[in-house]
Asker: 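Before anything else, here's the structure in question.
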Number of protein chains: 2
Amino acid sequence: MFHSKIGEVMRELGSSQPTAVELEILRILWELGPSPVREIHTRLAELKGTNYSTTVKMLSVMLTKGLVKRDENATPHIYRAAMTRDRAAKRFLTELIEKVYDGSAMSLVLQALAGGKASKTEIDEARRLLDEMEGQS
Amino acid sequence: MFHSKIGEVMRELGSSQPTAVELEILRILWELGPSPVREIHTRLAELKGTNYSTTVKMLSVMLTKGLVKRDENATPHIYRAAMTRDRAAKRFLTELIEKVYDGSAMSLVLQALAGGKASKTEIDEARRLLDEMEGQS
DNA sequence: TTGTGTTAGCGAAACCTTTCGCTACAATCG
DNA sequence: CGATTGTAGCGAAAGGTTTCGCTAACACAA
């Protein structure tokens, strides 16, 4: 049989997307900043009730995938997200637009948000950004 | 051991997110409209070189997940996406914002797009949408 | 009818993700 | 110094996804 190994190849190319649990861990790291496993685990266990071992393992998997980094000099080891929240959001979004719309879909993204919870402040902020963007191009 | 079954539960609640291949198939359906397996397969095989059986199986999996529907009266059976492209985009985006930012992040989404390929036309369209949104609230 | 090709489906293999038990080791306490 | 507690890691199980081989059923031409 011919079974492809795209996942593996992608990972070697450094373009692996975080899975569900991985994303939860990243969120925790974004919120907490660099933290030891114990801290991360406490938060994760609140959400999922999983075991300490699981958290350790997930972090080690994420380390080999390059999703997190760690300082091994410190004891206990300190983990941090390899990507900033904004950078991650940007990547996810780009990928999303790419996958769902074959790229370039500014107005559709806005449309998607339109039903949502944009406040007056956010709308003004958005206008400001639009002006900036126009200025640049 | 305690192994959770969140995926299963989510699915029963109707909130399963399509996986990689599933999304590819949805894209094909969005582009082609309702189609028999053969058509879908031809496209999918171009992208991934996979077997006809695989396409059939994926479609049957997606059917049980409710991601696609099919007309069994016609021969061959005709499959179609259960969700429109726009609706899917909206769901993905909401989920993304939820997962990465705990909700509400209009300006951040725009920021994420800022480096990108927004044309003058798109920016104007965006302004128009912002006006509309403000009007509604 | 018999062969030829197309469609549908099942079950299992391969792979990936998530989970944990068990073990080892370091640090800290009495 | 033990004994106890916290940290790190490995390997394997459980679950999910993706892949296909094989078989059955159906349609249509020879």
Side-chain angles (χ1 to χ4, degrees), chain A residues 1-13 15-26 28 34-42 44-45 47-79, chain B residues 1-13 15-26 28 34-42 44-45 47-79:
Chain A
M1 280 192 207
F2 176 79
H3 280 148
S4 77
K5 295 191 178 178
I6 295 184
E8 197 184 301
V9 173
M10 296 277 283
R11 211 157 298 124
E12 276 164 26
L13 293 173
S15 52
S16 89
Q17 287 313 109
T19 63
V21 183
E22 288 170 354
L23 196 49
E24 266 162 16
I25 291 179
L26 283 179
I28 292 170
S35 312
V37 179
R38 178 60 53 183
E39 292 276 323
I40 300 165
H41 172 63
T42 305
L44 192 61
L47 296 174
K48 318 224 318 154
T50 50
N51 198 295
Y52 181 80
S53 290
T54 304
T55 308
V56 173
K57 180 64 157 191
M58 284 310 302
L59 282 168
S60 101
V61 168
M62 292 172 75
L63 186 65
T64 69
K65 285 188 185 176
L67 290 170
V68 297
K69 311 208 171 197
R70 79 173 168 196
D71 179 1
E72 302 188 20
N73 295 351
T75 31
H77 297 171
I78 299 296
Y79 285 83
Chain B
M1 280 194 209
F2 176 78
H3 281 149
S4 78
K5 296 190 178 178
I6 293 183
E8 199 183 298
V9 173
M10 295 277 284
R11 209 157 298 123
E12 275 164 28
L13 293 172
S15 52
S16 88
Q17 287 312 110
T19 63
V21 182
E22 287 169 357
L23 196 48
E24 266 162 16
I25 290 179
L26 283 179
I28 292 171
S35 312
V37 179
R38 178 60 55 185
E39 291 276 322
I40 300 165
H41 172 63
T42 305
L44 193 61
L47 296 174
K48 317 224 317 154
T50 50
N51 199 295
Y52 181 80
S53 289
T54 304
T55 308
V56 173
K57 180 64 156 190
M58 283 310 301
L59 282 167
S60 103
V61 168
M62 291 172 75
L63 186 66
T64 68
K65 285 190 185 174
L67 290 171
V68 298
K69 312 208 170 197
R70 77 173 169 197
D71 178 0
E72 301 188 20
N73 295 350
T75 28
H77 297 172
I78 299 296
Y79 285 84

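Chain letters run A, B, ... following the sequence lines, proteins first and then strands; every chain starts at 1.
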Asker: 5'-most contact on DNA chain D: B:Asn51 or A:Ser53, nearest heavy atom basis?
Answerer: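 Result: A:Ser53.
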Asker: Measure the CZ-NE2 distance between A:Arg38 and A:His77 for me, rounded to the nearest 0.5 Å.
Answerer: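 These two atoms lie 14.5 Å from each other.
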Asker: In whole angstroms, how far is the C1' atom of D:dT17 from the CD atom of B:Glu24?
Answerer: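 Atom CD in B:Glu24 sits about 13 Å away from atom C1' in D:dT17.
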Asker: Nearest-Å distance, CE (B:Met62) to C1' (C:dG9)?
Answerer: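 Rounding to the nearest Å, CE of B:Met62 and C1' of C:dG9 are 17 Å apart.
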Asker: Can you tell which of D:dT18, D:dG9, D:dC20 lies closest to the side chain of A:Val56?
Answerer: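 Between D:dT18, D:dG9, D:dC20, the one nearest the side chain of A:Val56 would be D:dG9.
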Asker: Please tell me which of the listed nucleotides, C:dT18, C:dT17, D:dT19, lies nearest to the side chain of B:Thr54?
Answerer: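 Of the options given, the side chain of B:Thr54 lies nearest D:dT19.
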Asker: If you compare all heavy atoms of A:Val56 against all heavy atoms of A:Val37, which two are closest, and at what distance to 0.1 Å?
Answerer: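 Looking at all heavy atoms of both residues, the closest pair is CG2-CG1, 3.8 Å.
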Asker: Can you tell me the distance, in whole Å, between the CD atom of B:Gln17 and the C1' atom of D:dT17?
Answerer: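 Value for this atom pair: 15 Å.
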Asker: Between the side-chain atoms of A:Lys57 and the base atoms of D:dG11, is any donor-acceptor pair under 3.5 Å?
Answerer: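 Counting by modelled atom types and ignoring angles, a donor-acceptor contact under 3.5 Å is found here.
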Asker: Please report the distance, rounded to the nearest Å, between NZ in B:Lys48 and P in C:dC15.
Answerer: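 Atom-to-atom, B:Lys48 to C:dC15, this comes out as 14 Å.
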Asker: Would you name the heavy atoms of B:Met58 and B:Glu22 that are closest together and state the gap between them?
Answerer: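 Reported closest heavy-atom pair: CE-CG, 3.7 Å.
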Asker: Where the side chain of B:Lys65 is defined as all heavy atoms beyond and including C-beta, which of D:dT18, D:dT17, C:dT18 is the nearest nucleotide?
Answerer: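 Of D:dT18, D:dT17, C:dT18, D:dT17 is nearest to the side chain of B:Lys65.
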Asker: To check you understand the geometry: which heavy-atom pair defines the closest contact between A:His41 and A:Asn51, and what is its length?
Answerer: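 A:His41 and A:Asn51 have their closest heavy atoms at CE1-C, 3.4 Å.
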Asker: Can you tell me the distance, in whole Å, between the CD atom of A:Glu39 and the C1' atom of D:dT7?
Answerer: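 One finds 14 Å between C1' of D:dT7 and CD of A:Glu39, rounded.
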Asker: What is the distance, to the nearest angstrom, from the CG atom on A:Leu63 to the C1' atom on D:dG9?
Answerer: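 One finds 12 Å between C1' of D:dG9 and CG of A:Leu63, rounded.
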Asker: Please name the pair of heavy atoms, one in B:Thr64 and one in B:Val61, separated by the smallest distance, quoted to 0.1 Å.
Answerer: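 Between these two residues, the closest heavy atoms are OG1-O, 2.8 Å.
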Asker: Among D:dA8, D:dG9, C:dA8, which nucleotide sits nearest the side chain of A:Pro76?
Answerer: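 Closest of the options to the side chain of A:Pro76: D:dA8.
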Asker: Considering only side-chain heavy atoms of A:Tyr52, which listed nucleotide, D:dA8, D:dT18, C:dA8, is closest?
Answerer: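 Output: D:dA8.
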Asker: Just how far is it from atom CD1 of B:Ile40 to atom OG1 of B:Thr55, taken to the nearest 0.5 Å?
Answerer: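 Here the interatomic distance stands at 8.0 Å.
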Asker: Work out which heavy atom in B:Val21 is nearest to a heavy atom in B:Lys48; give both atom names and the distance.
Answerer: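 In terms of heavy atoms, the two residues are closest at CG2-NZ, 3.6 Å.
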Asker: If you check the A:Arg38 side chain, which of D:dT7, C:dA8, D:dA8 turns out closest?
Answerer: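 The nucleotide sitting nearest to the side chain is D:dT7.
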Asker: If you fit an axis to the five pairs at each end of the helix from C:dT1-D:dA30 to C:dG30-D:dC1, how big is the angle between those two axes, to 10 degrees?
Answerer: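 Computed from the C1' atoms at both ends, the axes differ by 20°.
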Asker: Phosphate oxygens OP1/OP2 of C:dA8: is one of them under 4.0 Å from a side-chain N or O of B:His77?
Answerer: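 Yes, within the criterion.
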Asker: Atom CD of A:Glu72 and atom P of D:dA8: how far apart are they, to the nearest Å?
Answerer: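 A:Glu72 atom CD is separated from D:dA8 atom P by 9 Å.
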Asker: Can you check the B:Met58 CE to C:dG9 C1' distance for me, whole Å?
Answerer: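 Checked: the CE to C1' distance equals 15 Å.
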Asker: For A:Ala74 and A:Asp71, work out which heavy atoms get closest and say how close.
Answerer: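 The answer is N-OD1, 3.6 Å.
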Asker: Counting just side-chain N and O atoms, does B:Thr19 come under 4.0 Å of either OP1 or OP2 of D:dT18?
Answerer: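 The answer is yes; a side-chain N or O of B:Thr19 sits under 4.0 Å from OP1 or OP2.
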